[in-house]
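Here is the structure we will look at.
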Amino acid sequence: YYITNNLRMFATRGLVTKAMTCARSVSHVTIIGGGLMGSGITQVAAQTGHKVTLVDLDQNILDQSTTRISKSLARVAKKKFGDDQEGAKSFMESTMGAISTATDACSVVKDTDLVIEAIVENMGVKHKLFKRAGLCSTSERYFHEQHLIAVYR
């Protein structure tokens, strides 16, 4: 199935879809693309208690991404915990501890529940990525970050 509508529309109409059912059982998320969008999605997924793997072909980009996430988390922790330094430290450690990085998407997607792509806006590159990830994965769930396309085999 290809779902290109907002899940909220399905919920408000009372429709139960496979996408909504599957989305509730996600524990491991893989983000492909270590740029600004991928870093932001990674941070939010980790903050909400998910195990997250950020994938990019370039280790330098992954290093920059983890630094960016750490700095952003420090700002969030300061706002969220104020003077509670122990709480802020625990929040930072648990969130960063939920994040891992990889340069090979195939080694990661086979064990993930949800794949989110956040790569360059080039449909040819995106199609190649999803074809390759689909060949490597036993997961039945893929979500495109911008258009919310779920693909079920």
With a 4.5 Å cut-off on side-chain heavy atoms, are [Y] and [X] touching?
{"X": "I69", "Y": "I99", "result": "yes"}
{"X": "V52", "Y": "I31", "result": "yes"}
{"X": "T103", "Y": "L62", "result": "yes"}
{"X": "I116", "Y": "T30", "result": "no"}
{"X": "H50", "Y": "V26", "result": "yes"}

Kindly compute the distance separating [atom1] ([X]) from [atom2] ([Y]), expressed to the nearest 0.5 Å.
{"X": "D83", "Y": "K78", "atom1": "CG", "atom2": "NZ", "result": "10.0 Å"}
{"X": "I32", "Y": "T53", "atom1": "CD1", "atom2": "OG1", "result": "10.5 Å"}
{"X": "D56", "Y": "Q64", "atom1": "CG", "atom2": "CD", "result": "9.5 Å"}

### Task
Could you state whether L54 and I61 fall into the same hydrophobic cluster, counting links through intermediate Ile, Leu, Val, Met, Phe, Trp or Tyr residues with side-chain heavy atoms under 4.5 angstrom apart?
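Per the 4.5 Å side-chain linkage, L54 and I61 are not co-clustered.
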### Message
Is there a path of hydrophobic side-chain contacts, each under 4.5 Å between heavy atoms of I/L/V/M/F/W/Y residues, joining M96 to F81?
### Response
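Same cluster: F81 reaches M96 through Ile, Leu, Val, Met, Phe, Trp or Tyr contacts under 4.5 Å.
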Looking only at atom types and distance, does a side-chain atom of [X] sit under 3.5 Å from a main-chain N or O of [Y], one as donor and one as acceptor?
{"X": "S90", "Y": "E86", "value": "no"}
{"X": "T95", "Y": "M92", "value": "no"}
{"X": "S70", "Y": "T66", "value": "no"}
{"X": "T112", "Y": "H28", "value": "yes"}

#### Entry: Minimum-distance pair of heavy atoms, taken over all atoms of R68 and G34
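Closest approach of R68 to G34: NH1-O, 3.7 Å.
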### Message
Does Q85, at its CD atom, have more than 12 non-hydrogen atoms belonging to other residues, nucleotides or ligands within less than 6.0 Å?
### Response
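It does not: Q85 CD has 12 such atoms or fewer within range.
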